[in-house]
Structures are given as C-alpha cells and as structure tokens.
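Bear in mind the structure is a predicted one, so any value in this text is a computation, not a measurement.
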Amino acid sequence: MFIERVSLRAIRNLRSIDFAPGPRFNVISGENGQGKTSLLEGIYLAATSRSFRTSRLQELILHGEAIASSKLVVSQDGGSHEQSLGIQAAGGARQARVDGKRPPSLAAFAVKTPMVVFHPGEVALSTGPSGERRRLLDRVVLHTAFTKMAEQIAYTRAMRERQEALETRGERATDLEEWETLMVSHGLAVCEARRDASERLSHVAEHAFHRIASPSLVLRVRYLTNVPETEDAYRHLLAASRGRDRARKSVAIGPHRDDLVLEVDGHAARQVASQGQHRAIVLSLKAAEIDVIHAARGVRPVLLLDDVSSELDRARTQALVSFLGEQRGQVFLTTTRPELIESEGLGGGSDRHDFRVERGVLSVAQG
Amino acid sequence: MQSPHARRLVSLLSRLPGVGEKTAQRYLLFLLTAERQLADDLGRELTVLRDRLVPCEKCGNVAEVSDVGASLCDICADNKRDSRLLCVVARVHDLMAIERAGSMRGRYFVLGKLLSPLEGVGPEDLPIEKLVTRVREDGVEEIIVATPPSVEGEATALLVKRELGPTGVAISRIASGVPHGGDLEFADPITMGRALQGRQRL
C-alpha cells in the first residue's frame with residue numbers, strides 16, 4: 001500500500017500542492033517555516049480526518065479561504081482509491097469522501113489507509129498527560145478492533161447525557177439509572193478493547209526499548225483504568241459518585257480517565273527518565289504502533305517523520321536511523337538537512353525521491 | 001422571480017423539510033404550468049388539513065377528527081388488530097416503516113421523542129403515564145420496544161422497561177442485524193457485530 005498522488009488546497013501556507021510521491025522513501029527538505037510540517041499534516045488529514053498538531057481543524061485553513069482540502073490517491077492490492085477530507089471555515093465541519101462517496105462514519109474513513117506519524121512534539125507521549133497515550137491506544141483499537149470504535153462514541157454520548165441530566169435536574173433525576181446502565185455496558189467494552197490494544201503494544205514496545213535504550217534498562221507498559229471489572233461494581237460506583245460528579249461538573253470514573261502507564265526499572269517514566277530515555281520510550285511506542293497495525297491489517301502503515309534533523313543528534317539517536325532502515329513501507333520524511341539523511345545511507349538509489357518546499361511551494365529537488 | 005406572490009409561496013415551500021429554495025421554485029413553476037386542478041385541490045386540502053387531521057388520542061399516530069367519540073387512527077379503530085400486543089415507537093415515521101413491513105398484527109404507541117437531556121428532553125417530557133394507563137386498561141400482554149439503536153433510543157427503551165415493570169407485561173426489544181437479500185460482505189462491521197451478538201439458535 002502506498003500513496004501515489006497528493007493534492008492539497010489552502011492548508012496553512014500551502015495554497016496548492018500536487019505531487020506524485022515514490023512508493024518508498026520521500027525526503028522533503030527546506031528551511032524552517034516553509035511548510036514541510038504542513039505538508040505532512042495535509043497528508044495525515046486525508047488519511048485520518050485529524051491533525052497531529054491541533055484539535056481545532058479550522059486553524060489549518062489558509063487565511064481568507066472558505067475551504068481547505070486534502071486528497072490522496074492510494075494504491076493497494078493492484079487497484080487504487082481516492083480519499084479526501086475538506087474543512088469548512090464556517091462552522092469547521094469536516095467532509096470526508098472515499099471515491100467521491102460519503103463513508104458511513106469518520107472511523108470507517110480513518111481505517112482505510114493506516115498511517116503513523118512521528119514528530120518532535122510526540123515526546124509528550126512519554127512526558128505529558130494521559131490524553132496522548134489514550135489516543136495512541138485508540139489508534140490501535142481503530143485498526144485492531146474496528147467495531148469497538150462505535151462503543152466509544154456511544155460511551156461518550158451516554159456520559160454526556162448523564163452529566164447533563166445530573167447538572168440540570170440533580171441527583172434525583174429519574175433517568176440517571178438508564179444513562180448509567182449504558183455507560184457501564186459501553187464503558188466496559190471500551191476498556192476491554194483498550195486493554196487488548198495495550199497488551200499488543202506493550203510486548204513490542206518493551207522489546208524495542210531493550211534494543212534501543214540499553215539492555216540493562218527495563219521498560220514496562222501497562223494499561224491503567226479506574227473502571228471496576230464487573231458490571232455491578234461499576235454501576236454502584238457510578239451511582240455513588242453522582243454528588244461529586246455534579247459538583248465538579250465532570251465524571252470521575254470511566255475509560256475517559258484511562259492511562260497507559262510507562263515505567264523504567266519499576267519507576268514512573270515521567271519522574272525518572274532522562275531526555276534521551278524519553279525519546280527512546282517514544283520511539284519504542286511508535287515502533288510498536290507500526291508493528292501492531294501491520295500485524296493486524298496485513299499492510300505496512302505509511303510513516304510520516306517530521307523534522308528528522310532535530311532528532312538526528314548522532315550520539316543518542318543511532319536508534320532512529322536503524323529504525324528507519326528497517327522500514328519497508330512508504331515513508332515521508334522532512335528535514336532541514338537532506339545531506340545528513342544521505343550520509344546515513346538511508347533509502348539510497350531509486351528508492352529515494354527528493355522534494356523541496358520553499359514558501360509553500362513544492363518542487364522536485366535536483367540531485 | 002419578482003412577483004411578491006411568487007416570492008411568498010417560494011419562501012413558504014422552502015420551509016418544508018428537504019426543500020430548498022431551488023426546489024421550491026420548481027414546485028411553484030410546476031403548479032403554474034400543470035393542470036389548474038392540482039393547485040386548487042392542493043390548496044383546499046391544505047386549508048382544512050389541521051382541522052381534519054390530529055394525533056390519535058390513543059396512540060399518537062395520525063388520525064381523522066371524529067364528530068362522534070374519540071378521534072382514533074385506522075390502526076386503533078381496527079378491531080381485527082390484536083390489542084394484547086403493543087409496539088412502542090419514537091415517531092410516526094417509525095410506525096409507518098413497521099406498517100410497511102406488514103407483519104405487525106398488534107397496535108402502536110408513539111412516544112413523540114426520545115430521552116435526551118442534552119436536547120432538553122427528560123423523562124417527564126415523555127408520555128410514560130399515558131403508556132402505563134394504556135397497558136393497564138387495554139389488557140396489553142406484550143410490548144415490543146422499537147426505538148432506534150442509538151444511545152438515546154436505548155436509554156428510552158430502558159426507561160420504558162423500568163416504568164412498565166410493575167404492570168407485569170412482557171417486554172422485548174427489536175433485533176438489529178444484517179439486511180435481508182443482501183450479501184453479507186456488504187454489511188457494515190458494526191451492524192455485523194450486532195447481528196453476531198444477537199444470533200439465534202437454529
């Protein structure tokens with residue numbers, strides 16, 4: 001599976017970009033602020049319906065434009081399909097299309113072309129709050145247990161309905177029991193899918209870390225939830241927390257509080273890991289994400305690597321280089337220093353396609 | 001279209017669901033060029049519509065106003081229907097969809113809306129008491145809850161179940177699964193998942 005055509009319109013500073021990437025290594029070079037990351041962001045948008053930089057998609061629209069859009073032609077199993085995503089400035093609505101038709105859901109759209117992104121901000125996976133790690137679990141769930149995505153949507157909806165009932169009508173609202181019943185059944189299904197995703201990830205990530213960081217350090221990755229295992233216990237806990245949930249205007253118990261705990265030699269990574277170790281953890285998790293998706297889907301996800309130059313300080317990130325060398329799928333890589341990529345002997349010869357971005361305009365780089 | 005008359009009609013027509021300004025203009029031009037009878041008949045029917053048709057007093061379906069006794073819909077008035085079997089739906093549209101299938105031999109009860117605090121609908125906004133009374137007074141023995149398979153539809157079904165519990169009536173929920181006559185490969189994965197979950201012994 002690989003992307004054979006990319007068309008971007010009005011995405012950040014990229015007014016109009018059309019190009020045909022190669023099936024393996026695509027190196028996109030340019031100075032800072034020219035639009036390299038936005039190019040990857042545009043590709044990611046049409047594959048996943050999301051951005052890896054922001055949750056407010058309207059930010060992506062070039063100033064003064066009514067619509068931003070991204071379209072990919074993806075070659076797979078001898079055929080090809082087209083998928084596109086448009087964002088409207090007014091209201092920020094997303095319009096997804098697969099071969100011109102509306103997909104049944106955004107999840108059905110996002111599952112079509114598996115893609116994994118790795119960018120400098122991602123170190124938050126290891127250093128930051130739980131949200132990023134939940135999103136990692138959910139990206140894995142999307143590709144390993146697609147139907148469970150509906151459980152998550154249903155859980156969130158039931159939770160919001162229950163919270164609204166609680167805040168507008170108080171703890172005596174007579175429909176709380178119904179909403180809580182639904183939160184319990186959908187919530188437990190979400191937990192089950194995430195626990196499974198976590199087990200798939202942890203095995204690969206722990207092994208990768210052993211190789212990347214140091215054989216003497218041990219990474220442990222495990223799923224943490226505050227949801228009780230049985231329906232009855234969960235239901236009682238929810239009923240008992242009505243007063244607190246109402247007062248705090250948020251729900252204390254549930255999969256929306258889940259985390260993926262990362263420990264180095266038995267201690268929380270957030271507290272004990274060095275910068276280099278954090279990077280090794282993130283790289284291990286990313287390698288695991290790629291591996292698990294590959295195993296589940298039978299295709300290699302497209303890999304987007306943003307700003308490799310900042311990562312390539314040689315002493316510590318040999319690992320990234322060897323990791324890159326192991327990639328057999330399509331790769332898009334941005335860098336300010338294309339010569340560095342060359343010297344590491346990555347994707348040489350006809351496997352490699354070079355592009356250059358300058359002030360929002362893409363050209364084929366002259367080798 | 002400059003005539004104030006034309007503008008007025010277009011703006012009224014475009015308030016109908018699914019009708020935009022362009023479609024409204026097409027309707028207007030059609031009514032102007034087709035047989036005059038059509039416009040006259042349509043106008044006459046519309047003027048008396050709200051005097052002649054009301055919600056059925058028993059079930060909420062569309063009913064003709066009756067000069068003698070209660071205004072009942074065809075289904076509630078039909079004494080060949082099994083009054084022991086009652087199907088609870090959210091909207092009249094859903095009732096019509098089930099009727100088209102032709103296999104429902106009982107009667108209906110239209111809730112009018114679904115439970116949804118986010119949309120300002122609480123339990124007290126649903127005609128639950130009326131439903132309980134109906135079950136008690138008409139000797140209903142079995143209820144089929146046919147609300148949609150959404151979170152709000154499920155919550156409404158659970159509420160109906162809890163409220164009807166004390167009446168001792170048997171309650172079931174419609175199944176969800178793959179459509180008839182199609183190939184399984186075209187079923188979306190979520191529907192397929194539900195179909196597997198709700199499988200029946202052969």
Side-chain angles (χ1 to χ4, degrees), chain A residues 98 101-112 141-187 189-190 192-193 235 242 245-246 296-297, chain B residues 88 90 111-132 143 145 147-166 171 173 176-179 182-199:
Chain A
V98 176
K101 288 195 214 85
R102 213 172 135 170
S105 65
L106 280 176
F109 175 83
V111 80
K112 288 219 64 113
V141 170
L142 175 74
H143 292 287
T144 55
F146 176 76
T147 53
K148 294 290 160 65
M149 297 308 287
E151 298 284 357
Q152 186 155 351
I153 293 167
Y155 168 76
T156 308
R157 183 79 191 173
M159 178 181 77
R160 291 183 53 217
E161 291 280 18
R162 183 255 200 182
Q163 192 62 17
E164 183 70 22
L166 205 47
E167 286 178 26
T168 53
R169 285 178 274 124
E171 290 167 59
R172 300 260 170 114
T174 53
D175 50 340
L176 292 174
E177 201 180 308
E178 277 71 41
W179 300 117
E180 287 168 5
T181 300
L182 292 171
M183 284 169 72
V184 166
S185 69
H186 296 300
V190 172
E192 188 195 317
R235 199 193 307 271
R242 286 174 185 174
D245 288 353
R246 184 185 181 204
R297 297 291 308 278
Chain B
V88 178
L111 293 169
K113 41 184 110 173
L114 292 174
L115 194 59
S116 174
L118 289 168
E119 280 165 30
V121 183
E124 63 286 353
D125 301 307
L126 297 173
I128 297 289
E129 250 174 75
K130 203 175 156 195
L131 175 61
V132 174
I143 296 267
V145 185
T147 52
S150 62
V151 170
E152 285 73 16
E154 298 293 353
T156 308
L158 289 171
L159 182 78
V160 165
K161 182 185 161 207
R162 183 162 57 90
E163 295 283 353
L164 287 179
I171 305 173
R173 177 99 175 90
S176 160
V178 292
D183 278 316
L184 287 187
E185 63 171 316
F186 295 125
D188 71 279
I190 288 157
T191 308
M192 182 62 83
R194 281 177 184 267
L196 286 171
Q197 224 169 30
R199 67 186 178 275

Q) Does the A:Arg162 side chain pair with the main chain of A:Leu182, one donor and one acceptor, at a distance under 3.5 Å? A) no
Q | Most contacts with chain B, counted as non-hydrogen pairs under 4.5 angstrom, among A:His186, A:Gln163, A:Glu177 | A | A:Glu177
Q.
Nearest 0.5 angstrom please: B:Asp125 CG to B:Glu119 CD, how far?
A. 12.0 Å
Q) Pick from B:Met192, B:Glu124, B:Lys161, B:Arg162: which one has the most heavy-atom pairs with chain A under 4.5 Å? A) B:Arg162
Q: Please round to the nearest 0.5 Å and tell me the distance separating atom CD of A:Glu161 and atom OG1 of A:Thr156.
A: 12.0 Å
Q: Heavy-atom distances under 4.5 Å only: say whether B:Glu152 touches chain A with side chain, backbone, both or neither.
A: both
Q: Side chain from CB out, backbone as N, CA, C, O: work out which of these in A:Thr181 comes under 4.5 Å of a heavy atom of chain B, or both, or neither.
A: side chain
Q: Output the option from B:Leu115, B:Leu118, B:Val151 having the highest count of non-hydrogen pairs under 4.5 Å with chain A.
A: B:Leu118
Q. Charged N to carboxylate O under 4.0 angstrom, A:Arg160 versus A:Glu164?
A. no
Q: Below 4.5 Å from any heavy atom of chain A, which atoms of B:Arg194 appear? Answer side chain, backbone, both or neither.
A: neither
Q | Within 6.0 Å of CD in A:Glu192, more than 12 heavy atoms from elsewhere | A | no
